[in-house]
Every structure is written in C-alpha cells, then in structure tokens.
Amino acid sequence: MANSNLPRRIIKETQRLLSEPTPGISASPSEDNMRYFNVMILGPTQTPYEGGVFKLELFLPEEYPMAAPKVRFLTKIYHPNIDKLGRICLDILKDKWSPALKISTVLLSIQALLSAPNPDDPLSENIAKHWKSNEAEAVETAKEWTRLYASGA
Amino acid sequence: MDSGDDIHDANDIESLNEDIESLNDNYDNYDDDAAAADYFDDDDDDDTHPAKSRRIEQSFTILKESDIRQRQEDDIRRVAAVPSIPHGAASILLCHYNWSVSRVNDAWFADEHEVRRTVGLLEKPVYDNPADAKELTCGICFEAYPLSEIETASCGHPFCFSCWGGYIGTSINDGPGCLLLRCPESACGAAVDQDMINLLASGEDKDKYDRYLLRSYIEDNKKTKWCPAPGCEHAVNFDPTGTGKDYDVSCLCSYSFCWNCTEESHRSVDCGTVSKWILKNSSESENVTWILAKTKPCPECKRPIEKNHGCMHMTCSQPCRFEFCWICLGAWRKHGGSCNRYESGEQNETEKRREMAKKSLEKYTHYYKRWASNQSSRQKAVADLQEMQSVHMKNLGDSQRQTELELKFITEAWLQIVECRRVLKWTYAYGYYLPDNEQAKKKFFEYLQGEAESGLERLHHCAEKVIQVFLSDDPPSPSEEFNDFRKKLTELTNVTRNYFENLVKALENVHDGNPCDLDKRPWGAGAMMNEMKE
C-alpha cells in the first residue's frame, strides 16, 4: 500500500499542517493516499480574489523532499502566472526548489502570488497582456471570475 | 635500374627504411581510415607529403586521462596558491570561471567580496547554531541529531548525514549542475565542495561527481575538447596561436578531425558547409524535420531546446544557463516580459528551408552520389593500400628484384589517392552549396575540380589496374617495363598532387573573402576564429 512507507518527514509535516494551520490556508491529506493533499486557499483581502475560495491539489512525488511537490489550481482563476489548466509559474516549484522548503511554505508562496501577480513573467500570455495594457479592466475580469467560479458554492 | 630515379646517400636510405618498417608495424594495428590517418602523421621526416608540408608546427596536444587530471590538479593548485583560497574552494572557483586560472585571479583580486558572494564561499557562517546545543534539528527531515551526526557547509545550516547524502545524490544524478551545488537551505548560496561530497555521498555518486569534474575541465574550457571518435577517451588541447587556419587534429586513437567543428577532417571546405551537408545527409531526416519544427536553438549556445510547458521565461541547462524569452529569443533581462516582436519570421524561415530542399532534391542527388562514391572509393583505397603492403609488396620485390625502398613510390601513390579522395569528396559538398548565380566562380571551381578529378582517376587507374600485370601469377621478368610503370605512377602522383593543391588553395582563398559561419557555432569557436585572423 502506498502509505505504508511514508517518510517520517511527511508524517511530521502533515501533523503540523493539521495542528497549526496557516490563516487562509487549509491542506488535508487524502484518505487513500497520504501523499495527495486537498488544499483550499482563501483569496487574500484587497485583491481581486478576495472572497473567493480556491481549491488546489498538491501531490508529493516519490522523491519528495528532494523534488518539489506538484501543485495545481482546480478552481478557475484569472491570474497572469496561472494558466487555464491551473498550472502555476512559481520559481520554488521549479529550479529554485530546496528540500528545506515545506508544504506550508509552498502554499504561503502561492497565497503571496495571488496578492502580487507578476505579468512580466507570465504563464498565460493573454492574461498577462491584458494585465499590462489595461490593469483596471483585467482586475475586473479577475473579480468576475472569482465571483463566478470561486464563490464557494 | 635507372640510377637517376633515386638519389639518396646511405644514411638517408637507412632512416627511410626504418620509417617504412615502423609504418608497417603501426599499420597492423589499425584498419580503414584510422590506418591512413596514422600514415599521414607518422612520416614526420617526409616533407614532400602534401598533408605534411603544410603543417608547419603542430598546434595541438593530445591529452590522456592522466594528463587531464594532472593539468586540472595543477590549475587548482595555482588558484589555491592564494592563501585565502583552500583547495576545495579553488576547484569551485575554476568551475565558475570555465577553468581559466587567470580569470579566477582577475576576478578575485578585483572584488573578492563579490566573487565570494556569487560563488558561495562564505567567510563566516550566516546561521548560528546555539553554542551549547547537544543536538541540532536537521533542516530536511526535521529530526534531532547529536552534533557528530550533523554536517554544515560554510553557512552553518545543519543537516543530517542521511539527508545530505540524499540531497547530494539527487543533484549528482541530475547532471553536471552538481558541480555548482549549494546548501539545501532555500535561497542560501553557500557552495558545497568536493571535500563535502567525498564525506557525505555514496561511493557511486562520488565517482560520478569525479567524472563530471573531469568532463567539466575539458568541456567548459575553451581550449580543450574531447576526441569525437566513438570510444576514444582522449582530449585535445588546441593552441590557436599556431599555424593559422589549419584546424586538422589527429588524436592518438588515429582519428583525425577538425578542431573547429569536430567533424572528420574536411580541409578545403569550411565548417559551415560541412555541417549543413552532414545534417542534410543524415539518415535520420525525420528527426531533423522534427527538431526544425518543434525546437528552437538556445540564442547563446545554439543547442536545440524543446519547450514542454511553463512560462516564456527560459533558462538553458548547464553549463550555458542563458535566460531568454521563448517567443523573441531575446535576452530575458533586456526585455522584461513584454514581447511585441513576435512575428511569423521564424516559421517562414523553416518553411523556406524545406521548400528549397524540395526543389533542390535533384541537384542534391547529383552531388550526394559523387560525394558518397568518393567516400567509398577512399575506403576501398585504404583497404587496397593495406593489401598492397601486406601481400603484394613482397612478391613484387621478389619478381622485379626491387628493394622495399625502391617500391616506396607505390605506397606514396596510394597515400595520395586516399588523401585526394577525401578532398574531392568534400568539394562536392562545397559545389552543392555554391550559389547558382555566381556563374564565374562556379565555372572556375568546376574546371579545377574536373582537372583534379581526371588526374586522380588516371592515378587511381594506374595504381589499381596497370599494376596488375606485375602482380599476376606469371609476372614478366624484371625489365624496362617495370621502370616505365614506376615513371608513370610517380609522375601521375606528382601531377595529381599539384592539381589538388591548386584546388585546395583556390577553395581556401574563396573562404578568406567569405568566412564561414563560425560565429554562429556553439562553444565560442567563433570568438577564437576571430582571434586567429588577427
């Protein structure tokens, strides 16, 4: 069974996630596979994502923590660094990954990315263009998407 | 015998005989191309040989593994001669500065602080572990360990032996990037040197790291390259101050290749033409089409890159690390995310190339047939030469009462044939790429090529067919006839040599006015070419 050889580090991290949750973030392991987490991030205040509840999935590959976790948005989101499949352009998930980072730091970074979109390093070309040419309008669209897809219903 | 043919004094004859004997010995060990290459290189005294007379001095050195290790160690020691740089740090500095001792020294004495920061050589720990602690928590597995089971890099971040082993192992198995390994702590830049690797990695990983370090010394150094022959483990150090534009290099394994582009020797035709031609001939044309369609070359090192996911901000893999925009291929730093330069130019270029290839298929077939038949003719000539050496020379010596030295003209003829077939082969690649609208140039080239080719055919015919009468089971007795044959073959050898020297000269003069695309070639070969022109 997949869970029988779970490294102590993952067990520790999971316990910590459940006992000391970060505000605005929840992550709980799946019952079938302790390496698979259901994640929810609340849209940070004073951003177009405020009031939204964003679902993500997080998976710890066999090599974790030597390799980065796989993370993806399940809720549609209008953001220049997140594409329509929910993939995230974030350095610590790629070449800046370090085994001293944790699930909680990854999720915090994603929350921070929602507060600070970076259209200069885009994943979604169209959204980034929109963001740069008419930020006010792009923010409106992001709010609209939050209302449509992330209202928690 | 006609005494006018060979005028040597006794010493000369003796030394030449030795030469021939040593050639024979060498010959037995090699076959095919290797053997011919060996010939060209061993007869150092023979300055009448076309391959030799043009090489004024050897501008390269062949390095065996022990030589490479010795040079690497010497360079590390030279850097470590600075009191504040320990051995392990010297190795890391050299890795960062492409194994150039002078660049390390320049950078270090210009701004030691900055160099330490970029390379990750910390002067004192940035992370203070409690002085009285008996146990420390590993930053990866979060378990507490006694101090004896914790190791830190110069920064002080504590990790247990087992996590260090896993971290180092993962990096080593990821490729040569492990040579620039940093502390596992996120955003900590402290370098992990070979001493730490040797302390913490498994035996297998240590060997791999050692291998990468050796490879890095050759591959990241602008003056050295591996011999491209399959299975050959030697490297070549090339000194560009040598003889100008002669890039021909012969390895100890007897493969001879062009230093500049690492394809087989192709003197008379420039590297750009050869590379285009080889790409064109590649039997894996499906792959080439795929590479053209799905990849883009890194704007810095030109290796093809496939983008499989993620954003437009690309970072080329080790050792290049160039950051660029996938869309416009411009440097990322200069362009800050917006890219309005996207036009369909890239695709048009590819399309155009395919269209042209289609149109020129017939033309291509013409040149390819001749290129390939000279290639196989050359291989046959190498085999014939070998047979001549091992079987016929002795019989011929007996039947015609000739000494080995007196028969040397036959070997020379065959060596000339082998060399000429190589040159002629490449002139067909050259001819293929000669622009159709340069009629005068084309005519002149085809005239020289035609002269050279018909000379070579006569020589080849004489060496292969006319000689048969003397090799038959019932050879004619020693006679004027054989002396006539000698005269004829020697003359044809000389005439053909002249034709080919003219051809090579003409082609090389063309290059002078029309330098090949060296600047676009990987690994900075172009930069070196420019230096050499001065």
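Within residues 150-175 of chain B, the residues that have a heavy atom under 4.5 Å from a heavy atom of chain A are Phe159(B), Cys163(B), Gly166(B), Tyr167(B), Thr170(B), listed by number. Of residues 178-186 of chain B, those residues lying under 4.5 Å from chain A by any heavy-atom pair are Pro184(B), Glu185(B), Ser186(B).
Using a 4.5 Å cut-off between heavy atoms, Glu13(A) contacts chain B through its side chain alone, with no backbone atom that close. Contact of Pro65(A) with chain B is made through the side chain alone, with heavy-atom distances under 4.5 Å. Residue Asp95(A) touches chain B through its side chain alone, counting heavy-atom pairs closer than 4.5 Å.
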Please tabulate, for the side chains in residues 132-139 of chain B, all donor-acceptor contacts under 3.5 angstrom to protein atoms that are two or more places apart in sequence or on a different chain.
none

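Each of Glu137(A), Glu125(A), Glu135(A) was compared with His130(A) under the side chain to side chain contact (heavy atoms under 4.5 Å, CB included) criterion, and only Glu137(A) meets it.
Between the Thr47(A) side chain and the Leu114(A) main chain, no donor and acceptor come within less than 3.5 Å of each other.
Ring-plane geometry between Tyr36(A) and Phe59(A) is classed as tilted, the angle between the planes lying from 30 to 60 degrees on a 0 to 90 degree scale.
By the side chain to side chain donor-acceptor pair (under 3.5 Å) test, Glu112(B) pairs with Arg116(B), sequence neighbours left out.
Counting non-hydrogen atoms of neighbouring residues, nucleotides and ligands closer than 6.0 angstrom, the NZ atom of Lys84(A) reaches no more than 12 such neighbours. The environment of CZ in Phe142(B) is crowded: more than 12 heavy-atom neighbours from other residues, nucleotides or ligands sit within 6.0 Å. Open room surrounds CZ on Arg16(A); 12 or fewer heavy atoms of other groups in view lie less than 6.0 Å from it.
Within the 6.0 Å centre-distance limit, the rings of Tyr217(B) and Trp99(B) are counted as a close aromatic pair. His79(A) and Tyr49(A) have their aromatic ring centers within a separation under 6.0 angstrom.
Tyr64(A) and Arg35(A) form no side-chain donor-acceptor contact under 3.5 Å, judged by distance and modelled atom types alone.
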